[in-house]
Each structure stands twice: as structure tokens, then as C-alpha cells.
Amino acid sequence: MSEALPVLRARGIVRRFNEGQGQLEVLSGLDLDVASAQRLAIIGASGSGKTTLLQILGGLDKPDAGHIEIAGRDIHALDERARGELRNRTIGFVYQFHHLLPEFSALENVAMPLLVRRVATAQALEKARALLARVGLAERLSHRPAELSGGERQRAAVARALVTEPKLVLADEPTGNLDGRNAEQVLQLLLELNREFATSLVVVTHDPRLAARMDGVLELEAGRLRLVSADHGHALAMAGTVAAPDR
């Protein structure tokens with residue numbers, strides 16, 4: 001088993017929400033390790049807390065207890081500015097609904113994370129242009145989201161998530177709003193870029209075809225992650241914690 005530092009390490013994650021006169025505990029001391037280039041699917045019933053978990057892993061929500069390290073840094077111990085910089089440099093997000101900015105072109109949307117990082121405009125646009133060509137949108141650079149099909153918008157969203165070459169991509173139902181053909185295109189794109197950039201993937205999904213293409217499948221149930229299946233080439237550890245793959 002590799003002893004390399006995990007890209008993501010979550011320990012003892014607890015998240016509660018007020019419900020009526022009491023509290024609902026959605027995450028109950030959850031643990032998770034994600035190694036470099038590893039691909040994990042998280043499944044579970046609607047309302048089980050999958051999206052909440054993804055938001056906490058990405059530093060968009062704060063747990064009530066526990067801690068999360070991204071590339072060795074405790075993301076929730078940082079102030080808002082430092083947390084934003086860490087997200088920008090190490091994490092890409094893909095959502096079920098693309099969340100592209102409607103007033104900007106596909107090219108501008110994909111370049112945006114680099115521009116936020118203050119990369120020179122010409123360099124940011126060139127990198128965005130090259131990645132959009134990779135996802136089959138070379139002829140759609142100037143089109144705004146409303147002028148793109150659903151599949152094209154999602155491919156642009158994947159390009160935006162990968163333009164910074166992040167260490168980790170967190171994807172929430174990335175194929176959930178697409179037909180079969182477009183869903184397969186987006187899945188193939190995620191897998192290709194995972195291999196090319198050695199980017200780790202954590203994907204929340206109800207799509208069994210997508211889950212079957214991951215290295216491991218975990219089910220979120222009663223606030224904990226339970227191992228459902230794993231590629232034989234990957235070493236797995238205790239209840240819901242995925243160890244570094246044996247590569």
C-alpha cells in the first residue's frame with residue numbers, strides 16, 4: 001500500500017441540521033481518504049446527505065465536528081480568503097446543473113477560474129480554448145450558455161472544472177440531467193481527463209453505469225460510508241475509509 005499523502009482526508013465528519021424541536025444528524029463521524037488519481041462514486045438514497053458531504057469536502061459548508069485536509073491542509077482551519085485560494089488551486093466542481101454564468105461565452109466561462117487566480121488574460125483564454133477543443137466545443141467558443149445544448153453546457157462545465165488542472169474534482173450528479181448519449185460523452189471526458197491529469201474524482205451519482213466505471217463505490221447510509229464494491233487493484237481500509245490505491 002502506498003504511503004503517499006492522500007489528496008483528501010476526512011476524519012470524524014459530523015453535520016447536523018435543526019429539524020422541528022430537535023436536530024437531524026446527516027453525517028455521523030464519517031471518514032474518507034482519496035488518493036491521487038483515484039476515482040470514487042458515492043451513492044445513497046435521496047436525502048441521505050450526499051450533496052451535503054460533497055459541499056463539506058469542498059469547503060463550501062462547514063462540519064459541526066471533524067476535519068478535512070486537502071493536499072495536506074485543513075481546509076476549514078483557513079480563513080475565507082485562504083480557503084477560496086485553496087479551492088481554486090486544488091479543487092474543481094461539476095454540478096448536475098452546469099452553473100455557467102449566462103452573460104459570458106463558453107470561452108470566458110472556462111477561463112474564469114484562471115482569471116480569478118490572476119493568470120494573464122491571454123494565457124487564460126488560450127488554455128480555455130485548448131480545453132474546449134478537447135471536449136468538442138472548438139466551434140462554440142463565443143456561444144453563451146443559452147445558445148448551447150444541455151450536453152454542450154455540461155461539457156463546458158467539465159472543462160471549467162479541469163482548466164486549473166486540479167488535484168481533485170468533486171462532481172454532484174454530473175450526468176443526472178443528460179440523455180444517454182450525452183451522459184456517456186461527459187463520463188468519457190471525466191475519465192480521460194482523470195487519466196491525463198492524474199486528477200482524483202469523487203462523484204455523487206444515481207447512475208449505475210457511471211458508478212461501475214469508478215475504482216470504488218461507497219454508499220452513504222445512516223451518516224456513514226459503507227463499501228459497496230472496489231476494483232481488485234485497490235487496497236481498502238476500515239468502514240467507509242478508502243486507502244491509497246496500490247498502483
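Keep in mind it's a predicted model, so treat the numbers as computed, not measured.
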Please determine whether a side-chain nitrogen of the Lys or Arg among E152 and R140 lies less than 4.0 Å from a carboxylate oxygen of the Asp or Glu. yes
* To do: Using a 4.5 Å cut-off on heavy atoms from C-beta on, say whether the side chain of E219 contacts that of L225.
  => no
Can you confirm whether D64 sits close enough to I13 that some side-chain heavy atom of one is under 4.5 Å from a side-chain heavy atom of the other?
no
Item to complete: Evaluate side chain to side chain contact (heavy atoms under 4.5 Å, CB included) for L132 paired with L141, printing each intermediate quantity in order.
Response: CA-CA 7 Å; L132 281 165; L141 302 181; 3.6 Å; yes
I'd like to check L162 versus T164 (side-chain heavy atoms, cut-off strictly below 4.5 Å). Are they in contact? no
Applying side chain to side chain contact (heavy atoms under 4.5 Å, CB included) to D79 and not counting sequence neighbours gives R81, A82
message = What I'd like to find out is whether the side chain of S200 reaches to under 4.5 Å of the side chain of L8, using heavy atoms alone.
response = no
Side-chain heavy atoms of R39 within contact of N194, under 4.5 Å: yes
What I want to find out is whether D33 reaches R11 closely enough, with some N-O distance under 4.0 Å, to be called a salt bridge. yes
Within-4.5 Å side-chain heavy-atom neighbours: L53 and K50 | no
Worksheet item: Taking the side chain as C-beta and beyond, is there a heavy-atom pair between V34 and P6 under 4.5 Å?
Response: no
### Message
Is any side-chain heavy atom of R15 closer than 4.5 Å to one of D61?
### Response
yes
